[in-house]
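Quick notes on the structure that follows.
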Amino acid sequence: MSSLVTENQVKDLFIIGGGINGCGIARDAAGRGLSVSLAEMNDLASATSSASTKLFHGGLRYLEYWEVRLVREALIERETLLCAMPHISWPMRFVLPYHKDMRFEGDTPTSKLLGFVMPWMKGRRPAWLIRLGLFMYDHLGGRKVLPGTVTLSLPGTPEGAPIDDRFTRAFEYSDCWIEDSRLVILNARDAEARGAEIMVRTKVLSAARADGLWEITLQRGDQIETHRAKMLVNAAGPWVGDVIQQKVRINSTEGVRLVRGSHIVTKRLYDHDKCYFFQGTDGRIIFAIPYEQDFTLIGTTDAEHESPDKAPVCTDKERDYLIGFANKYFKQDITAADVVWTYSGVRPLYDDGASSATAATRDYTLKVDATGGAPILNIFGGKITTYRRLAESALDKVAVYFPGLSGKWTAGVALPGGDFPQDGVPDLIAALRKDYPFLTAFWARRLIRAYGTEAAVVLGDAKTPTDLGRDFGATLTAREVDWLMTREYARRAEDVVWRRNKLGLRLDAGQIAALDAWMQSKDDVVIKVGE
């Protein structure tokens, strides 16, 4: 292993962590003219940011915790983000079936208040309270694009067909889907196009203050490098505490609470394209969401997770909990044999002393430590929906140390491939199939949903499928993989089939191994992001 002290300029910001918070901050900072380096020890979005429930949402249940500011900010952001990335985000309607036995999660302020003033309710959620919450949900964020809440009569409707006949009434409201890991990749690409340095599979070994700067030692492949920066940003997600205690070794009273959220994926359970919001007798909620055209996504759980270094997995207990929860609603029971995939992620929540994982705040907390000279900004918590606002808040903290820094700019600025109208996906799909007649409907939709207006750039001058090079299966070709390696930082098959897309649901182990071997044979490929 060799060692290298970089001779390049001292950077303004060095960001640790290539999840949505780190990449969002890198994009915002680079767009304001700051010089930025970002190091991610694995692949971008390889932890929490690829393991969400895939929703831009206000967090309806957070109203019961009286987190009105968080919900309002998230609701405003839904439509801002929807219009900036219409290829990877789109509106969805959520059906919330009602029955009289729905109960509160016991620790919520609302349940405690209602239990005091209406003790005869015995912890039940009344319909009027749900409707009041949905009224607030419709109006807190200045909704412009998304339709509001309506009441449904379920018998004889597509929404009522797959669920038990005892549910006769439901509320239907709006939220948005987001391709979470692609959101991270596109923020990183835009950051690099604006001058940021994005380093994947690069582990920060240590960082120390020296002569008014941060001196950061990192490992990239078999090379040890030293970088320097005026300010450090700790956006390491579940490892934020580890960076504080082990990498920079500063005294801090701030803590992180690790909460594991697990999901299961089954074959498609119903025919329509709406989602379900299910409420349990234990006060928790889960979603059932149409997923990747042929599947249904069900989640999530909330469980304490002991260490960021312990890989999160959906336990049999969590799987069975989600199955049992869903079976209380769906007419056709599902079993473990129906589960085709599971995934789990760790949410790095700010430790606010809440009594349970469910009750812990999803809001973000930003803390600057400058007691030893050069400042460090530590990022705790956050929701994928509010990542852009978190980045703006982070830059407010950063601006204190960079006088004259320009102001906010990211609202409404399209991410790569997103420069088309919010409702323009069908037209893009039709145009792509006209220009490339060999594309199937599934293939064209997948490309537009991944790359938007860049889909034709990925396909290039191809006239037939064979012009796209090796076929790895499930519409994945060598030309697309080349794009992912040269433009989107992919280095291994898992980067491609689980984070750049979800074709791992359609490829078998042999096909994925063949893809990985082919990619490793291309290990001399040079990243060309921003060209």
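Just so it is clear, the model here is predicted, and its values are computed rather than measured.
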Just do the salt bridge (Lys or Arg N to Asp or Glu O under 4.0 Å) check on Arg284 and Asp302 with the steps written out, would you?
CA-CA 9 Å; Arg284 283 199 37 74; Asp302 275 318; 2.9 Å; yes
Would you say [X] and [Y] make side-chain contact, with heavy atoms under 4.5 Å?
X	Y	value
Phe402	Lys230	yes
Ile178	Leu81	no
Leu484	Asp495	no
Phe56	Met92	no
Thr385	His57	yes
Val339	Ile323	yes
Gln422	Ser89	no
Leu297	Thr266	no

Are the side chain of [X] and the backbone N or O of [Y] linked by a donor-acceptor pair below 3.5 Å?
X	Y	result
Ser393	Arg389	yes
Thr296	Leu269	yes
Arg32	Ser406	yes
Thr342	Cys314	no
Gln520	Arg491	yes
Ser521	Met519	no
Asp508	Gln511	yes

Apply side chain to side chain donor-acceptor pair (under 3.5 Å) to [X] and list each qualifying residue two or more places apart in sequence or on a separate chain.
X	result
Asp419	Thr453
Arg268	none
Ser35	Asp12
Arg479	Asp461

Will you find, in the side chains of [X] and [Y], an N or O donor that is under 3.5 Å from an N or O acceptor?
X	Y	answer
Glu318	Thr315	yes
Glu480	Tyr451	yes
Tyr489	Glu192	yes
Ser344	Ser262	yes

In a table with atom names and distances, give each donor-acceptor pair under 3.5 Å that connects a side chain of residues 409-416 to protein atoms at least two apart or in another chain.
residue	atom	partner	partner atom	Å
Trp409	NE1	Asp28	O	3.0
Trp409	NE1	Asp28	OD1	3.2
Thr410	OG1	Arg388	NH1	3.0

Dump the intermediate steps for salt bridge (Lys or Arg N to Asp or Glu O under 4.0 Å) on Arg220 and Glu225, then the final yes or no.
CA-CA 7 Å; Arg220 181 157 35 167; Glu225 300 179 2; 3.0 Å; yes
Let me see the working for Arg189 and Glu454 under side-chain contact (heavy atoms from CB on, under 4.5 Å), right down to the final yes or no.
CA-CA 13 Å; Arg189 281 189 58 204; Glu454 293 186 322; 2.8 Å; yes
For [X], check ring pair (Phe, Tyr, Trp, His ring centres under 6.0 Å) against everything at least two apart and list the hits.
X	result
Phe472	Trp518
Tyr343	His263, Trp341
Tyr291	Trp177
Phe380	Tyr350

Kindly give the heavy-atom pair with the smallest separation between [X] and [Y], and that separation in Å.
X	Y	result
Ile334	Ala326	CD1-CB, 4.4 Å
Gly381	Asn21	O-ND2, 3.5 Å
Cys23	Leu44	SG-CD2, 4.1 Å
Phe14	Ala229	CB-CB, 3.7 Å
Pro238	Thr48	CG-OG1, 3.4 Å
Pro375	Val368	CB-CG1, 4.2 Å

So that I can tick it off, tell me whether [Y] and [X] are bridged by a salt bridge, with the cut-off set at under 4.0 angstrom between side-chain N and carboxylate O.
X	Y	value
Glu197	Lys11	yes
Glu215	Arg228	no
Arg319	Asp316	yes
Arg499	Asp180	no
Arg506	Asp294	yes
Arg182	Glu488	yes

Taking the cut-offs as 6.0 angstrom to the six-membered ring centre and 45 degrees off its axis, would you call Arg500 and Trp483 a cation-pi pair?
no
Evaluate Arg257 against Glu304 for salt bridge (Lys or Arg N to Asp or Glu O under 4.0 Å), listing each step before the verdict.
CA-CA 8 Å; Arg257 184 171 192 166; Glu304 302 288 354; 2.6 Å; yes
Could you list the donor-acceptor pairs under 3.5 angstrom formed by side chains in residues 239-248, with sequence neighbours left out?
residue	atom	partner	partner atom	Å
Trp239	NE1	Asp309	OD1	2.9
Asp242	OD2	Lys247	NZ	3.0

Side chain to side chain contact (heavy atoms under 4.5 Å, CB included) against Val340, all qualifying residues, sequence neighbours excluded
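Result, side chain to side chain contact (heavy atoms under 4.5 Å, CB included) vs Val340: Val265, Lys267, Phe295, Leu505.
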Could you go step by step and tell me if Trp214 and His227 meet the side-chain contact (heavy atoms from CB on, under 4.5 Å) rule?
CA-CA 8 Å; Trp214 282 101; His227 290 238; over 6 Å; no
So Arg209 and Asp369, salt bridge (Lys or Arg N to Asp or Glu O under 4.0 Å) or not? Walk me through it.
CA-CA 12 Å; Arg209 292 174 169 119; Asp369 182 302; 3.2 Å; yes
Test applied, ring pair (Phe, Tyr, Trp, His ring centres under 6.0 Å); reference residue, Phe277; option that passes from Phe94, Phe325, Phe287
Phe287
To the nearest 0.5 Å, how far apart are CZ in Arg78 and OG1 in Thr386?
13.0 Å
Applied to residues 179-211, the ring-ring contact (aromatic ring centres under 6.0 Å, His included) test, sequence neighbours excluded, yields none
